[in-house]
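First the structure, in the form of structure tokens, and then the observations on it.
All residue numbers refer to positions in the sequence shown, counting from 1. The figures here come from the full heavy-atom set of this structure, side chains too, leaving out hydrogens, waters and symmetry mates.
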Amino acid sequence: MLTIPGLCWLCRMPLACPTWGFCSRCVSALPAPPPACPRCGLPAASGISQCGRCLQEPPPWDRLIFVTDYRLPLNALVHRLKFTAATALAPALARLILLKIIAAKRVGSVPKPEAIVSVPLHFRRAWRRGFNQSALLAAPLAHWLQCEYQDAFVRRVRATATQHELSAKLRRGNLKGAFRVEFPAAGRHMVIVDDVVTTGSTVAEIARLLKKQGAATVQVWCLCRTL
């Protein structure tokens, strides 16, 4: 019996491996972001050493790795995943993060995570949407990297206003007391997975909690970083 080949989500051509989601040509054609600071992920003169911003006031995480900045075609795919319930996209998008992690290991030290946490949604928002897009990205990454993951590692215990409707200053205040860590993080190398990092307020609040619990290192992995 003939099998139906998987199609690339971008060019719609048949894939050599149906589970990849994107063909090698489309992956190589994704727009490369400008040189970015390995700590905060914002544009910097060098993509190897920390920028002046991080030397003066470092974020609470240790490294940020992203696929590309928030632009086509990836931003459209993220929007499709979140707002049209195209959950079949999630493993393919997670694979893009994995490829970026593998590339990052070739040029610098990226500690292998012992546990992965996904940015949680409040239960009411998760119920309305039907899924948590960050959890859909985190689960296959944990499987491929053979590290511990549960979507309840970090809980959102307080409903907050939608972040994209707020200024950077209001975003930081909006998240105070919104999360709770519910597993032992002390001494462990941790990764926070999200779809998009904009101001970094959400992942910063979770990273602060993980460091307060004694996490050895905290990385942030995402699809898009708003530059």
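When atom types are taken as modelled, the side chain of Gln213 and the backbone of Ala186 share no donor-acceptor pair closer than 3.5 angstrom. The closest donor-acceptor contact from the side chain of Asp62 to the backbone of Gln219 lies at 3.5 Å or more, if one exists at all. In this structure, Arg39 contributes its side chain and Trp61 its backbone to a donor-acceptor pair below 3.5 Å.
Placement of Leu72 and Leu223 in two distinct hydrophobic clusters is found when ILVMFWY residues are connected by side-chain heavy-atom separations under 4.5 Å, directly or transitively. Hydrophobic clustering keeps Leu89 apart from Leu121 (ILVMFWY residues linked when any side-chain heavy atoms are closer than 4.5 Å, directly or through intermediates). Tracing side-chain contacts under 4.5 Å through hydrophobic residues (I, L, V, M, F, W, Y), one reaches Phe22 starting from Trp144; they form part of the same cluster. Under the 4.5 Å side-chain heavy-atom criterion for Ile, Leu, Val, Met, Phe, Trp and Tyr, Trp127 and Leu81 are members of distinct hydrophobic clusters. Under the 4.5 Å side-chain heavy-atom criterion for ILVMFWY residues, a single connected hydrophobic cluster contains both Leu99 and Leu74.
Nearest approach of Phe66 to Leu64, heavy atoms of both residues: CD2-CD2, 3.5 Å. Nearest heavy atoms, Ala36 versus Gly41: CB-O, 3.6 Å. Here the closest non-hydrogen pair linking Asn75 and Cys224 is N-SG, 4.4 Å. Minimum heavy-atom separation, Ala115 to Cys147: N-CB, 4.2 Å. When every heavy atom of Ala94 is checked against every heavy atom of Leu137, the shortest pair comes out as CB-O, 3.6 Å. What you find for Gly6 and Pro18 is that their closest heavy atoms are N-CB, 3.8 Å.
With values rounded to the nearest 0.5 angstrom, Gln50 atom CD is found 5.5 Å from Leu55 atom CG. Note: Ser134 OG to Asp151 CG = 11.5 Å, rounded to the nearest 0.5 Å. Atom CH2 of Trp20 sits about 6.0 Å away from atom CZ of Arg95, to the nearest 0.5 Å. Within the model, atoms CG of Asp194 and CD1 of Ile97 stand 9.0 Å from one another, a figure rounded to the nearest 0.5 Å. The line from NE2 of His122 to CZ of Arg156 is 8.5 Å long, rounded to the nearest 0.5 Å. We find the CG-CZ distance between Leu227 and Arg71 to be 9.5 Å, quoted to the nearest 0.5 Å.
With respect to Arg225, the side chain to side chain contact (heavy atoms under 4.5 Å, CB included) criterion is satisfied by exactly one of Val196, Asp69, Leu42: Leu42.
Side-chain contact between Glu205 and Arg208: present, with at least one pair of heavy atoms (C-beta onward) separated by less than 4.5 Å. Between Glu148 and Phe153 the shortest side-chain heavy-atom distance falls below 4.5 Å. In this structure the side chain of Leu141 never reaches within 4.5 angstrom of the side chain of Val191, judged on heavy atoms. Counting heavy atoms from C-beta outward, Pro73 and Leu30 have side chains that approach closer than 4.5 Å. Pro111 places a side-chain heavy atom less than 4.5 Å from the side chain of His189. The closest side-chain heavy-atom distance from Leu145 to Leu98 is below 4.5 Å. Contact annotation: the side chain of Pro14 approaches that of Leu7 to within less than 4.5 Å [non-hydrogen atoms, C-beta and beyond]. Taking 4.5 Å as the limit, some side-chain heavy atom of Ile206 sits within range of a side-chain heavy atom of Pro120.
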Full working for side chain to side chain contact (heavy atoms under 4.5 Å, CB included) between Asp195 and Val119 = CA-CA 9 Å; Asp195 56 339; Val119 173; over 6 Å; no
Go through the steps for Phe183 and Gln150 under the test side chain to side chain contact (heavy atoms under 4.5 Å, CB included), then give the verdict.
-> CA-CA 10 Å; Phe183 75 106; Gln150 291 183 24; over 6 Å; no
Could you walk me through whether Tyr149 and Ser118 pass the side chain to side chain contact (heavy atoms under 4.5 Å, CB included) test, one step at a time?
-> CA-CA 9 Å; Tyr149 168 72; Ser118 51; 3.0 Å; yes
Verdict with reasoning, Leu93 to Leu96, per side chain to side chain contact (heavy atoms under 4.5 Å, CB included) = CA-CA 5 Å; Leu93 293 173; Leu96 295 182; 4.2 Å; yes
Given the rule in the side chain to side chain donor-acceptor pair (under 3.5 Å) test, do Thr198 and Tyr70 qualify, once you have shown the distances and angles that lead to the verdict?
-> CA-CA 9 Å; Thr198 306; Tyr70 193 71; over 6 Å; no
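Within a 6.0 Å sphere centred on CZ of Arg53, heavy atoms belonging to other residues, nucleotides or ligands number more than 12. The number of heavy-atom neighbours closer than 6.0 Å to CZ of Arg129, taken from other residues, nucleotides and ligands shown, is above 12. At most 12 heavy atoms of other shown residues, nucleotides or ligands fall within 6.0 angstrom of atom NZ in Lys212.
Ring geometry, Phe83 versus His79: the interplanar angle falls from 30° to 60°, so the pair is classed tilted.
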